[in-house]
Protein chains: 2
Amino acid sequence: MSLADSKQHPDTRKRILDAAEALFVEHGFEATSMRMITSRAGVNLASVNYHFGSKEALIQEVFRRRLAWLNHERLRALDRAEAGAKGAPLKPHQIVEAFFGVSLRMAADTEHGGHTFMRLLGRTYTEPTAFVRQFLADEYAAVVPRFKQALFRSLPDVPPEEILWRFHFMLGAMSYAIAGTDALQLVAEYELDEKDPGALARRLMPFLLGGLRAPLANQPVKPKEKGARRAA
Amino acid sequence: MSLADSKQHPDTRKRILDAAEALFVEHGFEATSMRMITSRAGVNLASVNYHFGSKEALIQEVFRRRLAWLNHERLRALDRAEAGAKGAPLKPHQIVEAFFGVSLRMAADTEHGGHTFMRLLGRTYTEPTAFVRQFLADEYAAVVPRFKQALFRSLPDVPPEEILWRFHFMLGAMSYAIAGTDALQLVAEYELDEKDPGALARRLMPFLLGGLRAPLANQPVKPKEKGARRAA
DNA sequence: GTATGATTAAAACAATCGTTTGAAACGAGC
DNA sequence: GCTCGTTTCAAACGATTGTTTTAATCATAC
């Protein structure tokens with residue numbers, strides 16, 4: 001360890017992380033072997049254990065290096081919105097934009113690996129490996145309460161429990177959309193415009209807000225007339 | 001093979017399928033070993049290969065035995081709704097109910113394993129193992145076009161592409177809600193009422209419909225192809 | 001009873017897993 | 001030149017993977 005940077009070959013660590021990230025999103029954690037990672041990264045097999053200690057520690061580092069920045073940006077976006085509101089409750093679309101907008105912009109970044117990582121993150125949300133779950137819960141511990149409180153203030157007439165469920169649903173819609181496996185071949189014919197990073201966001205955001213602000217279920221059902229409301 | 005049923009011990013097959021189903025949703029396909037399955041099922045290790053041929057074939061059978069019924073019910077629900085409409089376009093909520101309602105009712109069945117299976121299915125949507133993807137696409141091949149067409153008729157003013165994307169989002173919200181990992185600990189404090197199978201449906205359905213019928217975003221990019229059939 | 005086909009049982013197969021080892025190669029300071 | 005701490009390398013470790021094998025067991029028909 002010298003006074004200058006301690007890393008002589010900072011390449012290796014990054015090459016491993018990038019290769020692991022790409023392989024994890026493609027095959028999952030278990031189906032991705034150390035040999036697949038190291039051969040793709042062009043490094044020696046033992047270097048993963050040397051630099052990270054274990055496969056499990058590698059997985060955590062894959063998440064940590066990007067998730068820390070992501071959640072920091074989300075809090076920053078929320079701070080900015082609240083500063084502009086001067087004490088007044090935020091509008092729902094501002095909160096949704098702060099939380100999901102950052103994710104979607106990161107997912108639109110295909111050059112620096114943000115896209116790959118968001119796909120991995122979305123996929124991992126439904127993959128409840130014990131230690132990954134705990135890790136995610138810890139990483140989000142500082143973010144979730146802030147957004148919960150902002151939403152409660154923003155929607156005072158909606159029961160808090162209902163708000164949280166809808167936040168839950170929104171997270172699912174986004175994760176699935178970003179993970180983008182399209183298992184039912186629904187949108188296979190309509191490829192996302194690669195040149196336009198905001199294409200997905202412009203489709204998803206209205207959906208999320210529409211769901212969040214939908215009328216509550218236990219309202220008396222009366223729409224029996226033909227002229228029902230439609231989109232557009 | 002006699003004229004009667006050929007299965008002397010139909011237990012074994014079912015025990016294996018049930019054990020595999022439960023373990024797959026808990027650990028994933030790769031992390032679930034044959035020995036875990038057979039020991040939980042209380043059968044011999046070799047019986048999986050004897051009855052199913054391979055682990056991959058077992059996975060497919062786990063899906064097939066329930067997915068066939070699920071999709072058949074979805075089509076039946078759609079048929080009933082269309083029969084009642086007498087040629088008129090269905091309302092969006094009827095189509096959503098036909099597709100997602102069946103899923104949610106199956107997910108509410110904790111006694112016969114429907115709940116476990118729907119969790120597995122939701123989890124698998126974001127787990128794009130090659131042969132599973134192909135299998136799912138085949139199983140849904142008869143269902144998806146029917147629902148697509150019904151939605152197109154129901155929402156004539158919304159661009160078909162937009163409808164499919166929103167169907168895509170709805171599927172994600174439901175899958176995530178059913179898979180129910182709650183990675184962010186959002187609704188951990190509000191446990192679902194186990195006694196009430198419709199609890200999740202009453203929360204999710206309004207969200208889905210709100211998202212489906214949300215106002216369209218103004219798209220700055222003008223599609224260069226075709227005559228741009230948009231809402232006038 | 002015996003014969004027959006289906007199912008189960010225990011053991012072993014080669015292959016791959018994550019990890020560890022010990023030596024070789026490297027780079028900076030003297 | 002030499003030394004020292006860091007990193008890379010090839011090889012091997014024991015454990016576990018999915019699968020196969022061979023014999024034992026079962027139920028039924030003759």
Side-chain angles (χ1 to χ4, degrees), chain A residues 1-63 124 127 129-132 135, chain B residues 1-24 26-63 65 124 127 129-132 135:
Chain A
M1 176 170 52
S2 63
L3 290 176
D5 194 354
S6 61
K7 304 292 165 41
Q8 294 175 332
H9 283 161
D11 264 12
T12 303
R13 275 185 67 99
K14 183 180 186 327
R15 294 169 67 92
I16 291 175
L17 288 171
D18 290 343
E21 193 174 60
L23 288 169
F24 286 156
V25 70
E26 196 172 349
H27 304 101
F29 301 128
E30 293 282 343
T32 301
S33 69
M34 300 260 130
R35 286 159 181 86
M36 290 166 66
I37 296 171
T38 51
S39 91
R40 174 167 181 146
V43 301
N44 187 269
L45 169 62
S47 60
V48 174
N49 285 288
Y50 175 79
H51 284 284
F52 300 95
S54 67
K55 184 181 182 180
E56 188 168 307
L58 168 65
I59 295 174
Q60 299 204 25
E61 185 57 30
V62 166
F63 282 96
T124 306
E127 218 180 294
T129 314
F131 80 94
V132 177
F135 177 76
Chain B
M1 172 171 54
S2 63
L3 291 176
D5 195 351
S6 61
K7 304 293 165 41
Q8 295 176 331
H9 283 161
D11 264 13
T12 303
R13 275 184 66 98
K14 183 180 187 324
R15 292 169 67 91
I16 291 174
L17 288 171
D18 290 344
E21 193 175 60
L23 287 169
F24 286 157
E26 197 172 349
H27 304 101
F29 302 128
E30 293 282 343
T32 301
S33 70
M34 301 287 235
R35 285 158 182 85
M36 291 167 66
I37 297 171
T38 52
S39 91
R40 173 168 182 145
V43 300
N44 188 268
L45 169 62
S47 59
V48 174
N49 286 289
Y50 175 78
H51 284 282
F52 300 96
S54 67
K55 183 181 183 180
E56 187 168 308
L58 168 65
I59 295 175
Q60 299 205 24
E61 186 57 31
V62 165
F63 282 97
R65 71 164 173 167
T124 307
E127 215 179 299
T129 314
F131 81 93
V132 177
F135 177 75

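Reminder, nothing fancy here: chain letters follow the sequence lines and each chain counts from 1. What's counted below: heavy atoms across the whole structure, side chains too, no hydrogens, waters or symmetry copies.
Atom CD1 of residue I59(A) and atom CZ of residue F52(A) lie 12.0 Å apart, to the nearest 0.5 angstrom. For the atom pair CZ of R13(A) and CG of L58(A), the computed distance is 9.5 Å after rounding to the nearest 0.5 Å.
Rounding to whole angstrom units, CG of residue D11(B) and C1' of dT8(C) are separated by 13 Å. As a whole-Å value, the separation of R13(B) CZ from dA6(C) P is 15 Å. The nearest whole Å value for the distance from the CD1 atom in I37(B) to the C1' atom in dT17(D) is 12 Å. We find that NZ of K14(B) is positioned 18 Å from P of dT7(C), with the value rounded to whole Å. Nucleotide dT8(D) holds its P atom 10 Å from the CZ atom of R15(A), rounded to whole Å. Between N44(A) atom CG and dC9(D) atom P the separation is 5 Å, expressed in whole Å.
Note on H51(B): every side-chain N or O is 4.0 Å or more away from OP1 and OP2 of dA6(C). Distances shown here put every side-chain N or O of S47(A) at or beyond 4.0 Å from the OP1 or OP2 atom of dT8(D). Contact between the side-chain N/O atoms of S33(A) and the OP1/OP2 oxygens of dC17(C) is found at a separation under 4.0 Å.
For the pair V132(B)/E127(B), no side-chain contact is recorded, criterion being any heavy-atom separation below 4.5 Å from C-beta on. Between M34(B) and N49(B) there is a side-chain heavy-atom pair separated by less than 4.5 Å. Looking at heavy atoms from C-beta onward, F29(B) lies in side-chain contact with T124(B) at the 4.5 angstrom threshold. In this structure, E26(B) and M36(B) have side chains that are not in contact, with every pair of non-hydrogen atoms separated by 4.5 Å or more.
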Checklist entry - What one-letter contact string describes nucleotides 19-24 of chain D from 5' to 3', where B marks a base within less than 4.0 Å of any protein heavy atom, S marks contact via sugar-phosphate atoms alone, and - marks no contact? => result BBB---
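Nucleic acid contact class of T38(B) (heavy atoms, under 4.0 Å, all strands): none.
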